[in-house]
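First the structure, in the form of structure tokens, and then the observations on it.
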Amino acid sequence: MASPRGAPRARPTDTAPPGPLLPPYAAVVGVLLRLVVYLVAVLYSYAEQLFLKKDDNKIKKQDMPAVCDLHCCKDVPVRNGLIGQKASIHPERLKDFGEEDYLNGDVKTWEMKIVSRNEELLRDALPCIPQTSSRTSLASCNKLIRFEDIRTAAFKIQSGVQKTPCMYSRLSKQYGMDIYLKKEFLQYTGSVKERGVLYLLMSLPQEQQRKGVIVAAEGAFSLAVAHHGSALRVPVLAVAPAGSAAGRAPRRLAQENGYLYLEEEDSAVYLSGLGTVGLEMYEQVPKLDAVVFPAGGHCGLLAGSAAALKHLNPHISVIGVESESFPVLQQSLKAGHPTEDQACNNHHFYGDVSGACFGSNSLQLTGKLVDKVVSVREEDILISMLRLLEYERATVDAEGAIALAALLAGKLPELKGKRVAVVICSGNLELHLLQQCIARALTLDNRVCRFSLVISDCPGDMSKLLEILAREEARVLDIKQERTFVTSELFTVEVICTVETRDKIHTAQLRNALLERYPTTAWTER
């Protein structure tokens, strides 16, 4: 029914929501919230930067000297260790610092060039490092080092060399003392000399670091210079010696090209780096009674480490060991000045053990701080190399084995029942020489023996001899028969046999068994 004209028309029921008003408000609120979060983040970041900058300035003012005392700390990218690595501990804490602290994260670290005024302690030693190419040696740096010098060196090189273990040896019970082996042959170049070389290179003036150094490419010292020079971006030129004129060639090249000629001498910087071994051993082995070092002509390790140990505990006995064939150190101490043994031939087996005493600084420290210097035979050194290979799985050279040789040979009976640390300083032994040394050492240890006997030249007699060797569990290495030049009765044969046994007792048992069957058996004495 239609509505009357003029009456108001009824509005239909509308259930739809009002116009789109809510969504725009929600979007605005979301944008405002995101803006507030962003502003808070910016303000927090800005405040954090201000706080860190203020804290860094505070650290620099408190811990860093205003002027770098070492020339190498200005612009060169060489820090307290290798390039780009951070220092881990403060020098003042080095004495009581344990490796566990660093592993557990209890030590706070930050990167800096110098963190202590201990750098000033080497100021009187470092200026003697040449500033120009006219100076080609460090021989004039002869000054007795102090404990602070060694501690500073330890701090600066700690991230550039291995902190080698000082481990309890399996040989301890056999020789009646607690033996701890400081395994410096585990360094990258196989020698303890890395410590002195690294600190020496880091202490060079900035200008000399850019020009580079030159060394004679022979021995562990030159190998360490090449390795750490590359790590520190110091150019290194190695000259291979080829005769008597080779000694003059490096110096001439140094003068012509501005290089610094480096040779192993007893400068205060070099000895301080080597002395860090004594510092580490004191930290690693508590209640030490004695420490035994290799000595000989290059006694820098002995002298530098003695300076550290005697400062920390004057009651620790410091003992040096050198070869009986080349008693260079004992002769120099007796004469009061460095001497050269006429018998020195620098045989590649002995290395630096047979070299001439190279400096009065090391000699003076040794005479003042070292308690005793003993000598050992070549046979003792070979036995020591064999024991280290068998019991410690360590392949070392004569210089690395000579300190332990004194204990094994009974040269230090006063150390029975004591706690003794021994430095195994070098492991650079050529393979062909290793084979000769081990073969000779087995003979000296009565584990390879040779005998000769005469048997009838009839079928079956040789098999009877072999049956005795098999019953006694002897390993036959070589066997020869001589028929033509036999001086005994006709139709006999002389048998020369080389066998390997377990030990001296086994060798004695084999000898008795052979003498019982063949009374004319002759043993070749070693």
Side-chain angles (χ1 to χ4, degrees), residues 70-72 74-78 82-83 125-142 157 160 188-274 297-298 300 338 340 344-346 348 351-352 354-362 426 428 430:
L70 299 180
H71 298 281
C72 61
K74 290 183 180 180
D75 302 318
V76 72
V78 179
L82 296 181
I83 300 171
L126 293 178
C128 64
I129 297 177
Q131 300 289 340
T132 63
S133 60
S134 61
R135 179 71 181 161
T136 60
S137 175
L138 301 178
S140 63
C141 302
N142 289 330
I157 69 172
Y188 186 84
T189 62
S191 174
V192 68
K193 295 179 182 180
E194 283 193 29
R195 296 173 177 268
V197 166
L198 177 57
Y199 191 44
L200 190 61
L201 291 175
M202 294 175 64
S203 303
L204 292 177
Q206 177 184 348
E207 179 183 358
Q208 192 61 60
Q209 287 182 347
R210 287 197 300 264
K211 291 180 179 179
V213 298
I214 185 171
V215 292
E218 186 178 22
F221 179 81
S222 299
L223 190 61
V225 172
H227 170 62
H228 287 291
S230 175
L232 297 174
R233 299 180 183 176
V234 176
V236 177
L237 176 62
V239 178
S244 59
R248 297 187 298 269
R251 291 181 173 85
R252 187 180 68 252
L253 290 173
Q255 293 177 355
E256 294 175 353
N257 300 279
Y259 297 118
L260 170 65
Y261 177 55
L262 287 182
E263 56 184 347
E264 190 173 5
E265 295 174 338
D266 62 347
S267 64
V269 181
Y270 185 65
L271 293 184
S272 298
L274 293 177
H298 290 189
E340 182 175 353
C344 288
N345 59 359
N346 290 320
H348 57 287
D352 292 335
S354 63
C357 193
F358 64 53
S360 58
N361 199 8
S362 299
S426 178
N428 294 314
E430 300 176 3

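Everything numeric here is computed off the predicted structure, so don't read it as measured data.
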| field | Spacing of Leu201 atom CG and Arg233 atom CZ [to the nearest 0.5 Å] | value | 15.0 Å

| Check: Thr189 main-chain N/O paired with Asn428 side-chain donor or acceptor under 3.5 Å | yes

| Would Ile157 and Arg195 satisfy side-chain contact (heavy atoms from CB on, under 4.5 Å), going step by step from the backbone distance to the final call? | CA-CA 7 Å; Ile157 69 172; Arg195 296 173 177 268; 4.0 Å; yes

| note | Heavy atoms of Val269 and Ser203 approach each other most closely as CG1-OG, 3.6 Å

| field | Those residues that, when tested against Leu253, pass side chain to side chain contact (heavy atoms under 4.5 Å, CB included) (two or more places apart) | value | Ile214, Leu237, Val239, Glu256, Asn257

| field | Tyr261 vs Val215, side-chain contact (heavy atoms from CB on, under 4.5 Å): CA-CA, chis, key distance, verdict | value | CA-CA 6 Å; Tyr261 177 55; Val215 292; 5.7 Å; no

| Is any side-chain heavy atom of Val234 less than 4.5 Å from a side-chain heavy atom of Val225? | no

| said: Quick one: does any side-chain atom of Glu194 pair with a main-chain N or O of Ala220 as donor and acceptor, under 3.5 Å? | reply: no

| task | Specify the closest pair of heavy atoms between Ser362 and Leu271, including all atoms of both residues, with the distance to one decimal. | result | OG-CD2, 3.7 Å

| task | Could you check Leu223 against Ser191 for side-chain contact (heavy atoms from CB on, under 4.5 Å), going step by step and ending with a plain yes or no? | result | CA-CA 9 Å; Leu223 190 61; Ser191 174; over 6 Å; no

| query | Parallel, tilted or perpendicular: which fits the ring planes of Tyr188 and His227, with parallel below 30° and perpendicular above 60°? | reply | parallel

| Could you give the distance from NE2 (His298) to CD (Glu265), rounded to the nearest 0.5 Å? | 9.5 Å

| Roughly how far apart are Leu232 CG and Leu204 CG, rounded to 0.5 Å? | 9.5 Å

| query | Can any side-chain N or O of Ser272 pair as donor or acceptor with the backbone N or O of Ala268 at less than 3.5 Å? | reply | yes

| Can you tell me how far the CD atom of Glu207 sits from the CZ atom of Arg210, to the nearest 0.5 Å? | 6.5 Å

| message | Minimum heavy-atom separation for Gln209 and Met202, please, with both atom names. | response | NE2-O, 3.8 Å

| said: Could you report the tightest heavy-atom contact between Gly160 and His228, atom names first, then the distance? | reply: O-CE1, 3.2 Å

| Backbone N or O of Ser222 within a donor-acceptor pair of the Glu264 side chain at under 3.5 Å? | no

